[in-house]
Structure formats: structure tokens, C-alpha cells
Asker: 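I am attaching a structure below and will ask some questions about it afterwards.
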2 protein chains.
Amino acid sequence: MKKKSSATIYDVAHRVGVSLATVSRVVNGNSNVRDSTKQKVLEAIEELGYHPNAVARGLASKKTTTIGVVMPDVTDVYYSELARGIDDVANMYHYDVLLTNTDEDPVRETMAVNNLASKQVDGIIFMGNDLEREVLNTISSANAPVVLAGSVEGEGRLASVNIDYIEAVKEATEAVLKNGHKRVAIVTGPITHAINGLYRLAGYKKALEANQIEYDDTLLFTTHQDYNAGLQVAQKILAAGATAVVTYDDEVAVGIMNYIRDQGKRIPEDFEIITSNDTKLTIMTRPQVTSIGQPKYDIGAVAMRMLTKLMNNEVLDESQVKLPHTLERRGTTIN
Amino acid sequence: MKKKSSATIYDVAHRVGVSLATVSRVVNGNSNVRDSTKQKVLEAIEELGYHPNAVARGLASKKTTTIGVVMPDVTDVYYSELARGIDDVANMYHYDVLLTNTDEDPVRETMAVNNLASKQVDGIIFMGNDLEREVLNTISSANAPVVLAGSVEGEGRLASVNIDYIEAVKEATEAVLKNGHKRVAIVTGPITHAINGLYRLAGYKKALEANQIEYDDTLLFTTHQDYNAGLQVAQKILAAGATAVVTYDDEVAVGIMNYIRDQGKRIPEDFEIITSNDTKLTIMTRPQVTSIGQPKYDIGAVAMRMLTKLMNNEVLDESQVKLPHTLERRGTTIN
DNA sequence: AGACAATTTGCAAACGCTTACAACGTTAAT
DNA sequence: ATTAACGTTGTAAGCGTTTGCAAATTGTCT
């Protein structure tokens, strides 16, 4: 069984004694083909083991049935769940997914988008906190519809799917404020980043304001997004005299929790924690971590569904979608 | 700024006053172009914002610089780390990655491979425990080189990258046997699955044998791959009188651990646990979970590197690669 | 039976690029 | 000067499809 280059549409046509056009029509489910010839073509396809060449098809039709997904890191549970939602819906509509990791590096994001454009993807889903000017330009110059998932962009020119981060963080903060804490720390990502920075802080401040507590920037902490960062920042949080914390990342939350318990404090009695991403991790620790509940899979799924409409030139009922969030009360808060 | 369909190679050629061939040559870094004309072409490309159309290129050259990755689930940390290794190396060699989730369903695996073949990918990396006959046939009929990552196939006809699972489980089992346990339970995936079933059990039996302990199948448990499954199986494990367990999945291990601690038993004093995938999770729990250490990222990276060679028609020094594993002793075992 | 409409089919031009091969212009050696 | 040899550029034939349009076939209605 040598590397026999596979049968082409021509082989099929020749075998049946019809033209390329006819074969193409049956392959594409076009109705204008007599049933009897359709059968013959189908048989020949079967016998020859013919599989349409998607590349040639793409050239001729200018559609690749492929979309591009640009994301920070597949390894990050938060994003991989979005990705799964995207992939499932994409498959449902017979699209394939070209995946790129960027580690939120604007340079790589720009390259990724350009690359996807040159691969002629029919659409792009973009994930990542921040959306730099240059990336944005590249995106809009790419000749394909784009939907942001779990990402925002100030001017609202791009379709997007998110939750109401500000409101969610506000609620989370208030949940803990209600328990009488006066010094609640907030842990965010780089403060310039829209979602993990600005929005978090805004929500936090709103909660303080609603409860007549003055904002104190010694309670604001910025970290990387991993467990060790949590371990490290925990110390500072304690030093700042906080008795509760609202954090943006689950791993960080767990790091904080473990550190604090190691200091002999009890959670939630002595210290309360609320995190934001509600990944599996939050239910696997003891105590389980209270978290804002995000419909992660759905964010991806809805974004992809919107993209299919865009690729189909349909208009969106709503282009800036905000999905509902919840508060999953678990063991790191007193309810 | 309308949807101006982008410049083609023809536009560039026309602008400079050279032929398509020449432009193509400079785009592809072909040396046989006089420096002066090369400069002019480059300028025109810049001015026109020309980006080669990868689809057309693919048709003409029969290379798409795209590989396919077939995996069970992006959401699974174990696989997503392999995927990251693959992606990084792929980028390094300028390949894009077409990603497909299969949930280990043979039907979807077969479809995925066929689909990738029709998209003319230059190569495929396949992940998944079991490799059914039909999937295997599809794979070998696909006209592209294939490398298995974290997957085995009996006859060794396909290149693959793994660790020595049997040996790893044997060592893990012995690590616990050394502490005097007489009844060590083993938790696997579906027993017919090569890696998570057969190999695990084989390693376990080898360890028993080496320690003159008779195999007792009431100590063998099969579960799904998630936290709740761990919670549930833990009860049975205790009922079977086991005092230690070797498990194949980290979430399951954590489930078992939490259940057992809730029963008032101390870990590791009263009960020891060793798991196999060494995901981040294992260090985020208290106690941290002892695990076989697997170079997950590297498995993916090496697989991808091998694939580049295959796609380049180079021969592999070694086609069945086994990467070294370790034993990460942590808090769920007495060391 | 004839005319016309409707249904099926085929033709051939794209799609945007790569790549043998041929053609050209230069240079260098004789 | 002549010619071989080389470096540079152009020509044109694909690559495997889709698709608008024309042609052919079939069916329908007088």
C-alpha cells in the first residue's frame, strides 16, 4: 500500500462518465442532480475512496470552514473551558479550529491574527485580557469577522461575550463585606489590564462605596496568575491587616488559603476568601473555595455561535453579550 | 475602509514590473534573485500590504504548514500540557495547529482523522489511551505522517512518545509496599484501555510479584476520570480493607484523599496515596499528593519534533521514544 | 406532434500560488 | 571576438475545486 495520492473529483467524474460539475454538485448536496446519476456518483465516490480536497475547495470557494482561536494558554483551565465551548459549537457547524497560544504577548497576538488571516480563516475568536491598539488594528484589518470571548475592548466595535465583571466583583466584595469585614483585600492581575485589572478594581470600589468604606490602596495587590504567587502575596495581605480577600484567579486563591492556614488561622472563621473563575479546583480543596460563578463553557459556545452568524452575514441581535454570573458560596466564606 | 479583498501576488508583480515567479521567489526566500529587484519587490509588498494566500500556496505546493492534533479533551490538564508542548514546537517550525477534541470516542476520532486528511494537514499528532482498529486503519490510510503522544499502539508501527508506564506504576506501587502495606488498592481507567488499564495493572502486578504478595482482584477499581469518581470509589477502597492506593488520575486521587480524611483517617499515617499525572493540582492540596512525575510538556514537544522530521522525510533515530519519569514524593506518602 | 418550460448536465473560467523549463543577459575564459 | 557558463527572469502548466452560463435533455400542455 504505497502512498497513492488520493482520488480527485476528476477520477470520480471520469469513472461515472459525467462532468466535474456534476460530481461537485452531489458532493455539495446541490439539488439539481437527477437521483439516478446521484447514486452512481455516490457509488463511485465510495469505491474510489474519494475525499474532497479542502484546500482546493477553499481556493475556489473562498471559504475554508476553519476558524482561528487566539488564546493566552491552553493550559489555563479557565481558557481551556472556553475553548471547549468554542470547539463543540464549531464542530456542530462543521468548522475546524486553528488554535494559537499567545501568553498574552501583544506581539504574538498580532502575529497570530496575521497568520490566521493569511490562512484565510472564515472567522476568529479572540481571548485575552487586554487588547492593545496594534492588535486591535490587525484584527480589524483582517478580512474576517471576529468575536471576543472573555475579553473586552473599550470602544465596543467588536462583538464580544463576557459576564458583567464589575458587577460580579462588586457582589463578591459585598458578600464578604456583609460579614462585617472592614479591611478586605483585593488581588488583581496587571492593573492596566481591562478585565483582570480595571474592572476588578472598579467592582471592588463600587462595593466599598455602597458600604461607605473608604478605599485604601494598601489593600490592593497585583500578582501573577499561579499558585506560588498566591503563597507569596498572602503574607503581604496579612501584613496589611486584611481579614478577607477577593481574588481574580483560583490558583492564587488556593495559594492564599494554604498560606493562611499554615499560619494557624482558620478559614473562614478568621479569614474569608472569594475567587473569580470557579474552576474545578475550587471544589477539590478543603475547604472548598467560594467563587463567582462564570458560565465559562457557554461564553465560548455563545461566542462561537455568534461567529457563525457573522460568517453567514447575519446581523446579531446583540453584539455585546453579557452572560449571567452567580456567586457559588462554599467553604471559604461564612454564609 | 471597505472589505477590500487583499492584494495578490499578481498585483505585486505588476507594480514592480516583474513576473509572478520573481515575486514568488522573493517571498519564499529563494536566492536566485538579484538584490536590487528583491528590494523593489519587498517595497511593493510593503506598500500593498500583500500577504501570501496560504490556501493557494497549499494547493500549489501540496504543503499546508498545518498539522492536526487529535486529543481527548483540552479541558483535561494532562492533555492540555501535552498540547502546549506540541504547540510551542509547532510554532518554532512555523506550523499551525488544527485542534480536535474527541472525548476518546472512536467514532469521533475516526472522523477527526479523516477530516484532517481532507484538510491536507502535513502531519498528525494523536493522543488518547486506546487506539481502536478502525481508528488505526484510518490513521494509516491518511496520507500524512503520524506521531502518537501519550498513546500506545500494540504493533509499534507508529512513532510514539511515552514514558514507561508499566515501570512507573511498578515503582509507585513498590514505594508504598516498602512502607509495609499488605493491601494496596489500584485504581485504573477502563481495564481494556492500554495505558490507563492494562499497563497500570501490569505494573502493579509486577510490583506485587517482586514483593511476593499475591494479586487480589478485590483491590482493583475502575473509575471515571474525575473528582466525584474519586469520592465514590474511596468508600469501596476502604471497605476492601486497603491501606494505600495507587491511582491513575490526579482528580480521582484528590477525591479519594478528601473522602478518607473526612472519615477521620490521617494521611499519610493511616492511608497512603500515589497518583500518576503530576498535574498542578497535586501541589495545591493539603497534603500535597505524591505522584509519578511525567514530563508532560516534553512528551508533546518531542512528539512534535519527531513529526517535523517525519514531514521532512528524515528517518527517526528512535521511533518508540520513552521519556524518563520520576517519583515525586510529597505529603500523601511516608517517605 | 410541436412549442415551451423546467430540469439536468457540461464547459470553461476562475481561485492565487509554485515550479519546471526556457530564455535572456552577463561575465569570463579562450 | 566567440563561446561556454552562469545568474537572473519570464512563461505557462498545473494544483483540485466551485460556479455562472450555455447546452442538452426531459416533461408538459395544447
Side-chain angles (χ1 to χ4, degrees), chain A residues 3-42 44-45 48-66 115 117-122 143-144, chain B residues 3-42 44-45 48-66 115 117-122 143-144:
Chain A
K3 182 193 277 195
K4 64 158 185 292
S5 66
S6 44
T8 72
I9 197 173
Y10 179 82
D11 299 325
V12 177
H14 192 253
R15 173 148 184 154
V16 183
V18 297
S19 72
L20 303 189
T22 300
V23 177
S24 174
R25 289 192 186 99
V26 351
V27 168
N28 292 294
N30 188 309
S31 52
N32 294 5
V33 180
R34 188 183 301 155
D35 249 8
S36 60
T37 66
K38 183 174 180 176
Q39 285 314 319
K40 287 193 283 186
V41 170
L42 253 19
I45 286 178
L48 265 44
Y50 166 72
H51 287 283
N53 179 322
V55 174
R57 221 201 270 237
L59 221 212
S61 70
K62 296 173 162 302
K63 298 214 162 304
T64 54
T65 60
T66 300
N115 184 235
S118 90
K119 290 250 166 158
Q120 314 296 121
V121 294
D122 295 338
N143 203 42
Chain B
K3 183 193 274 194
K4 64 157 184 292
S5 64
S6 43
T8 72
I9 196 172
Y10 178 82
D11 299 326
V12 178
H14 191 254
R15 173 147 186 156
V16 183
V18 297
S19 71
L20 304 188
T22 300
V23 178
S24 174
R25 289 192 186 97
V26 352
V27 168
N28 292 294
N30 187 311
S31 52
N32 292 4
V33 180
R34 188 185 302 155
D35 249 8
S36 59
T37 66
K38 183 173 180 177
Q39 285 315 320
K40 284 193 283 186
V41 170
L42 255 18
I45 286 179
L48 266 42
Y50 167 72
H51 287 283
N53 178 322
V55 174
R57 221 203 269 238
L59 222 212
S61 68
K62 296 173 161 301
K63 299 214 162 303
T64 54
T65 60
T66 299
N115 183 235
S118 89
K119 289 252 165 156
Q120 315 297 118
V121 295
D122 295 338
N143 203 41

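Chain letters run A, B, ... following the sequence lines, proteins first, then strands; residues in each count from 1. As the structure is a prediction and not an experimental result, all values here were calculated from the model.
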Asker: Whole angstroms only, please: what is the NZ-P distance between B/Lys119 and D/dC15?
Answerer: 22 Å
Asker: From C-beta outward on A/Arg57, which listed nucleotide comes closest to its side chain: C/dT18, D/dT18, D/dG16?
Answerer: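 So the side chain of A/Arg57 is nearest to D/dT18.
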Asker: Give every residue pair that meets the salt bridge (charged side-chain N to carboxylate O under 4.0 Å, His left out) criterion with at least one member in residues 12-21 of chain B, sequence neighbours excluded.
Answerer: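 Qualifying pairs, neighbours excluded: B/Arg15-B/Glu47.
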Asker: Using atom types as modelled and distance alone, determine if a side-chain donor or acceptor of A/Ser61 lies under 3.5 Å from a backbone N or O of A/Arg57.
Answerer: yes
Asker: Is the phosphate of C/dT8, meaning OP1 or OP2, less than 4.0 Å from a side-chain N or O of A/Thr37?
Answerer: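 No, A/Thr37 has no side-chain N/O under 4.0 Å of OP1/OP2 on C/dT8.
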Asker: Test of understanding: with side chain to side chain contact (heavy atoms under 4.5 Å, CB included), list the residues that count as partners of A/Lys38, not counting sequence neighbours.
Answerer: A/Val26, A/Val33, A/Asp35, A/Leu42
Asker: Not counting sequence neighbours, which residues clear side chain to side chain donor-acceptor pair (under 3.5 Å) with A/Thr37? List them please.
Answerer: none
Asker: For the residue pair A/Val27 and A/Ile45, what are the closest heavy atoms and their distance?
Answerer: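 Result for this residue pair: CG2-CD1, 3.9 Å.
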Asker: Please tell me if B/Ser24 has a side-chain N or O lying less than 4.0 Å from either OP1 or OP2 of C/dT18.
Answerer: yes
Asker: Looking at B/Tyr50, does any N or O in its side chain come under 4.0 Å of the phosphate oxygens OP1/OP2 on C/dC17?
Answerer: yes
Asker: I'd like to check the side chain to side chain contact (heavy atoms under 4.5 Å, CB included) partners of B/Ala144; sequence neighbours left out, ordered by chain and number.
Answerer: none
Asker: Could you pull out all residues at least two apart from B/Lys119 that satisfy salt bridge (Lys or Arg N to Asp or Glu O under 4.0 Å)?
Answerer: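 Residues passing salt bridge (Lys or Arg N to Asp or Glu O under 4.0 Å) with B/Lys119: A/Asp96.
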Asker: Separation of A/Lys38 atom NZ from C/dT9 atom P, in whole Å?
Answerer: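 A/Lys38 atom NZ is separated from C/dT9 atom P by 11 Å.
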Asker: Rounding to a whole Å, what distance do you find between A/Lys63:NZ and C/dA14:P?
Answerer: 20 Å
Asker: C/dC15 phosphate, OP1 or OP2: any side-chain N/O from B/Asn53 under 4.0 angstrom?
Answerer: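 For C/dC15, neither OP1 nor OP2 has a side-chain N or O of B/Asn53 closer than 4.0 Å.
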Asker: Taking side chain to side chain donor-acceptor pair (under 3.5 Å) as the test, write out the residues that go with A/Arg25, two or more places apart.
Answerer: none
Asker: Which pairs count as ring-ring contact (aromatic ring centres under 6.0 Å, His included) when at least one residue sits in residues 7-41 of chain B, sequence neighbours excluded?
Answerer: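 Residue pairs with at least one partner in residues 7-41 of chain B: B/Tyr10-B/His14.
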Asker: Using five base pairs at each end to define the local axes, how bent is the helix from C/dA1-D/dT30 to C/dT30-D/dA1, to the nearest 10°?
Answerer: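 The angle separating the two end axes equals 40°.
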Asker: Can you pull every protein N or O that's under 3.5 Å from an N or O on nucleotides 10-12 of chain C?
Answerer:
| unit_1 | atom_1 | unit_2 | atom_2 | d |
| --- | --- | --- | --- | --- |
| C/dG10 | OP2 | A/Ser19 | N | 2.7 |
| C/dG10 | OP2 | A/Ser19 | OG | 3.2 |
| C/dG10 | OP2 | A/Thr22 | OG1 | 2.8 |
| C/dG10 | N7 | A/Arg25 | NH1 | 3.4 |
| C/dG10 | O6 | A/Arg25 | NH2 | 2.4 |

Asker: With a 4.0 Å cutoff (strictly under), does any side-chain N or O of B/Lys62 reach OP1 or OP2 of D/dG14?
Answerer: no
Asker: A/Asn115: which residues meet the side chain to side chain donor-acceptor pair (under 3.5 Å) condition with it, sequence neighbours left out?
Answerer: none
Asker: Whole Å only: how far is the CG atom of A/Asn143 from the C1' atom of C/dG16?
Answerer: 15 Å
Asker: Could you check how far NE2 of B/His14 sits from P of D/dG10, rounded to whole Å?
Answerer: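 Distance, rounded to whole Å: 13 Å.
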Asker: Assign each of B/Leu59 and B/Ser36 to its nearest nucleotide of DNA chain D by heavy atoms, then name whichever residue's nucleotide is nearer the 5' end.
Answerer: B/Ser36
Asker: Counting N and O atoms only, with roles assigned by atom type, does the side chain of A/Thr64 sit under 3.5 Å from a partner on the main chain of A/Gln120, one being a donor and the other an acceptor?
Answerer: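 Checked: pair present.
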Asker: Just the rounded figure in Å: distance from C1' of D/dT8 to CG of B/Asp35.
Answerer: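 About 12 Å, once rounded to whole Å.
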Asker: Expressed as a whole number of angstroms, how long is the span from A/Asp11:CG to D/dT17:C1'?
Answerer: 13 Å
Asker: When you measure from the side-chain N and O atoms of A/Ser61 to the phosphate of D/dT19, is any distance below 4.0 Å, counting only OP1 and OP2?
Answerer: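 No, because none of the side-chain N or O atoms of A/Ser61 sits under 4.0 Å from OP1 or OP2 of D/dT19.
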Asker: Whole-Å distance between C/dC17 P and B/His51 NE2?
Answerer: 12 Å
Asker: Test of understanding: with side chain to side chain contact (heavy atoms under 4.5 Å, CB included), list the residues that count as partners of A/Ser19, not counting sequence neighbours.
Answerer: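 By the side chain to side chain contact (heavy atoms under 4.5 Å, CB included) rule, A/Ser19 matches A/Ala21, A/Thr22.
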Asker: Which pairs, protein N/O on one side and nucleotides 23-27 of chain D N/O on the other, fall under 3.5 Å?
Answerer:
none

